[in-house]
Structures are given as structure tokens and as C-alpha cells.
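For reference, the structure discussed in these notes is given below.
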Amino acid sequence: LHGPVPHGLGSLTALTELYLYNNALTGRIPPQVAAMTELVLLDVSSNLLSGRIPDAVGDMKQLQFLHLMDNCLTGSIPRSVSQLPSMSELFLQSNQLSGDLTGVFNATAQQSLLIAQLSYNHLTGTLPVEAFLPPQLNTFVAVSNCFTGSLPEDICLGEQLLTLALDGLRSASNCRHLLVPAISTAYALSSAFGGTVPSCLFTLPALNTLHLSGNALTGTLPRDVQINNALIDLSLSHNILEGRIPENIQNRNWYN
């Protein structure tokens, strides 16, 4: 399929699932899709869609699966997604989304959110602690963005997390500005994500995957760091950590 997404889809008010993935659809996502108030699944991933995500998606209160990945979408993530009480999967990776995450997450309203996938965009600002607090959230992945600051102190309040992946928030190619584009590949980074690794991450009871590589994390790892039984996949490479590797990390039988 090619061409734009028809505005007339909004008249299909009884539709519950709309699969249009892996085509060559172009143009914008029409705001009229929000008139499909019974829609549970919207999947327009792997197309050539551009423009902003319509703010009207916040009116789709039955929506559980919002799959918009692998397109050319721009602009910020609409704050209205924070008011989708049924949404369990928010897949926005591999677009050109920008702006910060202020107001995108709401633990009170997003009671069903399980997975937030935001990787390979141009998102900026600091990581708000609200992003990790929806009560059922088990996967938060925002690899290769342009965030600044450090991990929020209260990140470990998300005790239900299974996977936390924040690799490349300093080294992402989309955060680089070539100094002399026509002559040299030398670049300056527009982001600086650093700070220390909160030791409480190692004790989150359900966490099995922790990826924080390619950043500017500093400091040392606590000598007597306690590690939960579930954690089997750890990546802290390409940072500025120093000191000794704690024995609990050296002697553990890691998967990775």
C-alpha cells in the first residue's frame, strides 16, 4: 500500500483493530483516526509517515497498543498519551521525535502501561522520574536519544521494572553536530548524560536487564554492592567509571 492514510477511516467508529504496518504509506497520521473510539490497536509502523503525532490520540480511551515505530514522525510526543488508561504498549522508536518527556507519563492515569519504547529519536531534556512510575511498567527503553542530566534519584521506585535500557545517551549519532561538515567528521555532542549509577538499581527485585553503556557515568561501583537474583544482563561499558570491579560482579554467573 502507498499514499496517505485516508481521513475517512474516522467514520469506522466500531473498528477495534487497525493494522497498516510494513507498507509505503506517506503523509501525516490524520487526527480523524481519534474518532474510532472503540479502537484497541493502532499499528501504522514501518511506513514513511511524517509530521506530528496528533494530540487527538488522547481521546482514544480504549487504545491498548499504539505502534508508530519505524516512520519519519517529528515533533514532540503529545502529552495526551498520558491520559490513556488502557494503553499497555507505547512503541515510538526509530522516528525523529524531539522535545522532552515532561507530561508524557502519568502513574495515576497510565494504570495499564507495560512497555515504553522510545529508542532512536532526538528526545532531549532530563529523564523525569514519572517515566518509571506507572504501576505495571516492566520495560523502559530509550536507547540513542539526546537526554541530559543524570538518572533521577527516585528511579528505583519503579520496583516492577524487568528491563531498563538507556544506552548511548551521550554517544548517539543523532546528537552529534559536525564541526566542518564538508571537510571533517569531527563533531560536538549536544547532550551530556552522566552522574553516578544508583546502587539501588542492582537490588530492584524483578530487574533482569540493565543497560547503561555509551554514556558519561562517573564514580565507582559500591564495593559491597548487592545484586538481586533476577539480574543476568548488565552493560556499563563506554562510560567514565573508575575504581575496582566489586567482587559480587566479578564472581556472578552472568548471561551477558
Side-chain angles (χ1 to χ4, degrees), residues 69 90-94 100-101 105 114-134 137-176 187-256:
M69 61 277 197
L90 178 63
F91 287 178
L92 303 179
Q93 68 267 32
S94 300
D100 59 42
L101 297 182
F105 294 94
L114 296 175
I115 303 173
Q117 228 305 2
L118 311 177
S119 299
Y120 303 106
N121 280 292
H122 302 242
L123 299 170
T124 56
T126 58
L127 283 168
V129 67
E130 291 80 10
F132 308 98
L133 298 185
L137 185 72
N138 62 45
T139 300
F140 187 90
V141 182
V143 171
S144 194
N145 275 288
C146 309
F147 294 115
T148 54
S150 58
L151 291 170
E153 292 183 5
D154 291 334
I155 190 172
C156 295
L157 294 176
E159 293 186 350
Q160 69 290 336
L161 279 172
L162 299 175
T163 298
L164 177 63
L166 298 171
D167 303 292
L169 303 186
R170 180 176 174 84
S171 57
S173 59
N174 52 354
C175 304
R176 300 174 183 177
Y187 62 86
L189 292 169
S190 62
S191 60
F193 187 85
T196 58
V197 181
S199 59
C200 62
L201 285 174
F202 295 97
T203 61
L204 283 177
L207 194 68
N208 61 46
T209 300
L210 176 61
H211 284 191
L212 299 173
S213 63
N215 292 301
L217 298 171
T218 58
T220 60
L221 297 176
R223 180 182 303 179
D224 56 349
V225 63
Q226 299 300 307
I227 305 174
N228 76 51
N229 292 329
L231 189 59
I232 59 174
D233 187 347
L234 175 66
S235 179
L236 299 174
S237 62
H238 296 89
N239 281 290
I240 317 174
L241 299 171
E242 58 186 1
R244 296 179 60 85
I245 302 173
E247 290 188 8
N248 286 355
I249 291 180
Q250 293 186 48
N251 299 332
R252 190 177 180 84
N253 185 21
W254 297 96
Y255 170 77
N256 175 45

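- Atom CD of Q117 is separated from atom CE of M69 by 8.5 Å, given to the nearest 0.5 angstrom.
- L162 CG to T209 OG1: the interatomic distance, rounded to the nearest 0.5 Å, is 8.5 Å.
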Next on the checklist: Apply side-chain contact (heavy atoms from CB on, under 4.5 Å) to residues T126 and F147 and explain how you reach the verdict.
Outcome noted: CA-CA 6 Å; T126 58; F147 294 115; over 6 Å; no
Next on the checklist: With side-chain contact (heavy atoms from CB on, under 4.5 Å) as the criterion, how do N248 and D224 come out once you've worked through the C-alpha distance, each side chain's angles and the decisive distance to 0.1 Å?
Outcome noted: CA-CA 7 Å; N248 286 355; D224 56 349; 5.7 Å; no
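- Counting only heavy atoms from C-beta outward, the side chains of L210 and L231 approach each other to under 4.5 Å.
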Next on the checklist: As a quick check of understanding, evaluate side-chain contact (heavy atoms from CB on, under 4.5 Å) for W254 and L234, giving each step before the final call.
Outcome noted: CA-CA 8 Å; W254 297 96; L234 175 66; 3.7 Å; yes
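- We find the SG-CG distance between C146 and N121 to be 9.0 Å, quoted to the nearest 0.5 Å.
- Panel note: side chain Q226, backbone F202; no donor-acceptor pair is recorded below 3.5 Å.
- Here the closest heavy-atom approach between residue Q160 and residue P134 is recorded as NE2-O, 3.3 Å.
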Next on the checklist: Go through it in stages, so that I can follow the logic: the residues are N228 and T203, the test is side-chain hydrogen bond (donor to acceptor under 3.5 Å, both in side chains), and I'd like the CA-CA distance, side-chain angles, deciding distance and then a yes or no.
Outcome noted: CA-CA 5 Å; N228 76 51; T203 61; over 6 Å; no
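- When side chains are defined from C-beta on, S199 counts as touching P222, because their heavy atoms get closer than 4.5 Å.
- Side chains of L161 and N138 form no contact here, defined as non-hydrogen atoms less than 4.5 Å apart.
- Looking at L118 and V141, their side chains never come closer than 4.5 Å, going by heavy atoms from C-beta outward.
- Counting heavy atoms from C-beta outward, V197 and L241 have side chains that approach closer than 4.5 Å.
- The OG1 atom of T196 sits 8.5 Å away from the CD atom of E153 when rounded to the nearest 0.5 Å.
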Checklist entry - Checking side-chain contact (heavy atoms from CB on, under 4.5 Å) for the pair S119/S144: CA distance, chi angles, key distance, verdict? => result CA-CA 6 Å; S119 299; S144 194; 5.8 Å; no
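- Within the 4.5 Å cutoff, the side chain of L212 has heavy atoms near those of the L151 side chain.
- Heavy atoms only, all atoms of each residue included: P205 and A230 are closest at O-CB, 3.9 Å.
- Side-chain atoms of D154 do not come within 3.5 Å of backbone N or O of V129 as any donor-acceptor pair.
- Under a cut-off of 6.0 angstrom, the local environment of CZ in R252 is crowded, with over 12 non-hydrogen atoms contributed by other residues, nucleotides or ligands.
- The side-chain heavy atoms of C156 and L201, taken from C-beta on, include a pair separated by under 4.5 Å.
- Side-chain N or O atoms of D167 include none that pairs as donor or acceptor with a backbone N or O of V143 at under 3.5 Å.
- Judged purely by distance below 3.5 Å, without hydrogens or angles, the side chains of T124 and D100 never pair a donor atom with an acceptor atom.
- Here the side chain of N239 pairs a donor or acceptor atom with the backbone of N215 at under 3.5 angstrom.
- Y120 OH to L92 CG: the interatomic distance, rounded to the nearest 0.5 Å, is 15.0 Å.
- With a 6.0 Å radius and a threshold of 12 heavy atoms from other residues, nucleotides or ligands, N256 has its CG atom above the threshold.
- Not a single donor-acceptor pair under 3.5 Å links the side chain of E242 to the backbone N or O of T220.
- For the atom pair CG (L169) and OG (S150), the distance works out to 11.5 Å, reported to the nearest 0.5 Å.
- The side-chain heavy atoms of I249 and V225, taken from C-beta on, include a pair separated by under 4.5 Å.
- Judged purely by distance below 3.5 Å, without hydrogens or angles, the side chains of H211 and D233 pair a donor atom with an acceptor atom.
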